[in-house]
Amino acid sequence: MNKIFILAIVLVAGWYANSLYQQNDFPFMQNSETYSGSGEQLKCITKDGRVLYGSVPQGTVCERRESVKGSLTIVSSEAVSANQGSNQKNSSFKCDGRQHCSQMNSRVEAEYFVKNCPNTKMDGDHDGVPCKNDSRF
């Protein structure tokens with residue numbers, strides 16, 4: 001009798017997990033927009049140039065998807081807003097995927113990118129001062 005009861009519980013749990021999986025509500029499944037089939041993290045680049053990391057809002061069309069090299073920590077926009085000072089809130093800059101000094105318009109912009117954006121390649125010695133060899137700044 002106990003074996004039948006346990007078997008019934010396992011069958012009900014399996015059926016429920018399958019229904020969640022079919023509805024994409026499985027709590028520990030990652031959004032297919034975030035990860036490729038091999039498990040690497042992706043970024044979505046929209047037609048208007050926005051770069052999205054992590055889950056992509058429903059209805060967003062990715063013009064390109066690129067793998068993210070190195071580590072990437074994805075936090076919600078609410079957490080970012082709560083943890084950042086007024087300096088960044090008042091900034092006219094935003095992370096848009098640019099990584100190199102040649103893509104920057106000023107040293108202030110380069111400093112913002114190094115401090116706030118992932119995967120930048122402007123501070124080779126990691127001292128917080130980007131684009132030292134760029135004569136434009």
Side-chain angles (χ1 to χ4, degrees):
M1 184 69 174
N2 282 341
K3 290 182 181 179
I4 293 174
F5 183 70
I6 291 173
L7 181 61
I9 290 174
V10 169
L11 287 174
V12 168
W15 170 81
Y16 181 69
N18 184 50
S19 68
L20 288 176
Y21 176 78
Q22 295 295 327
Q23 298 171 9
N24 289 327
D25 288 338
F26 214 46
F28 47 83
M29 296 294 291
Q30 292 293 332
N31 184 335
S32 62
E33 299 289 335
T34 305
Y35 293 91
S36 69
S38 64
E40 66 183 342
Q41 296 183 7
L42 299 175
K43 66 180 176 181
C44 166
I45 303 167
T46 63
K47 193 171 192 168
D48 62 357
R50 289 182 300 142
V51 178
L52 305 170
Y53 296 91
S55 60
V56 177
Q58 189 171 2
T60 302
V61 177
C62 297
E63 183 86 3
R64 277 187 350 249
R65 289 192 180 95
E66 297 176 1
S67 64
V68 175
K69 307 271 190 270
S71 66
L72 175 66
T73 302
I74 301 171
V75 295
S76 70
S77 58
E78 293 85 18
V80 171
S81 296
N83 289 329
Q84 292 178 339
S86 60
N87 208 13
Q88 185 168 350
K89 288 181 184 175
N90 294 333
S91 176
S92 61
F93 307 123
K94 68 178 183 175
C95 298
D96 56 13
R98 292 182 285 162
Q99 299 176 330
H100 302 282
C101 292
S102 61
Q103 298 170 310
M104 299 296 125
N105 297 313
S106 68
R107 183 169 311 273
V108 173
E109 184 176 38
E111 289 170 354
Y112 172 88
F113 270 75
V114 167
K115 186 175 181 182
N116 299 294
C117 304
N119 301 323
T120 59
K121 297 178 172 102
M122 296 180 270
D123 186 14
D125 58 3
H126 305 290
D127 67 350
V129 181
C131 306
K132 286 187 210 82
N133 297 329
D134 196 323
S135 60
R136 296 179 305 138
F137 307 130

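All values derive from a computational prediction rather than experimental measurement.
The SG atom of C62 sits 12.0 Å away from the NZ atom of K43 when rounded to the nearest 0.5 Å. Note that the OG atom of S106 and the CZ atom of F93 stand 4.5 Å from one another [nearest 0.5 Å]. The line from CZ of R50 to OG1 of T60 is 5.5 Å long, rounded to the nearest 0.5 Å. To the nearest 0.5 angstrom, M122 atom CE is 8.0 Å from Q99 atom CD. Rounded to the nearest 0.5 Å, atoms CZ (R107) and SG (C101) are 8.0 Å apart.
Smallest separation of non-hydrogen atoms from P130 and V114: CB-CG2, 3.5 Å. Taking all atoms of both residues into account, the shortest heavy-atom contact from A110 to C131 is CB-SG, 3.8 Å. Taking each heavy atom of G128 and D123 in turn, the nearest pair found is N-OD2, 2.6 Å. Taking all atoms of both residues into account, the shortest heavy-atom contact from R98 to N105 is NH1-ND2, 4.2 Å.
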- Would K47 and E63 satisfy salt bridge (Lys or Arg N to Asp or Glu O under 4.0 Å), going step by step from the backbone distance to the final call? CA-CA 5 Å; K47 193 171 192 168; E63 183 86 3; 5.1 Å; no
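Atom CG of D125 is surrounded by more than 12 heavy atoms from other residues, nucleotides or ligands within 6.0 Å. Counting non-hydrogen atoms of neighbouring residues, nucleotides and ligands closer than 6.0 angstrom, the CD1 atom of I4 reaches no more than 12 such neighbours.
Put simply, the side chain of K132 reaches to within 4.5 Å of the side chain of D127, judged on heavy atoms. Side-chain contact between P57 and L52 is present, with heavy atoms from C-beta onward closer than 4.5 Å.
With hydrophobic clusters built from ILVMFWY side chains whose heavy atoms lie under 4.5 angstrom apart, V108 shares a cluster with Y112.
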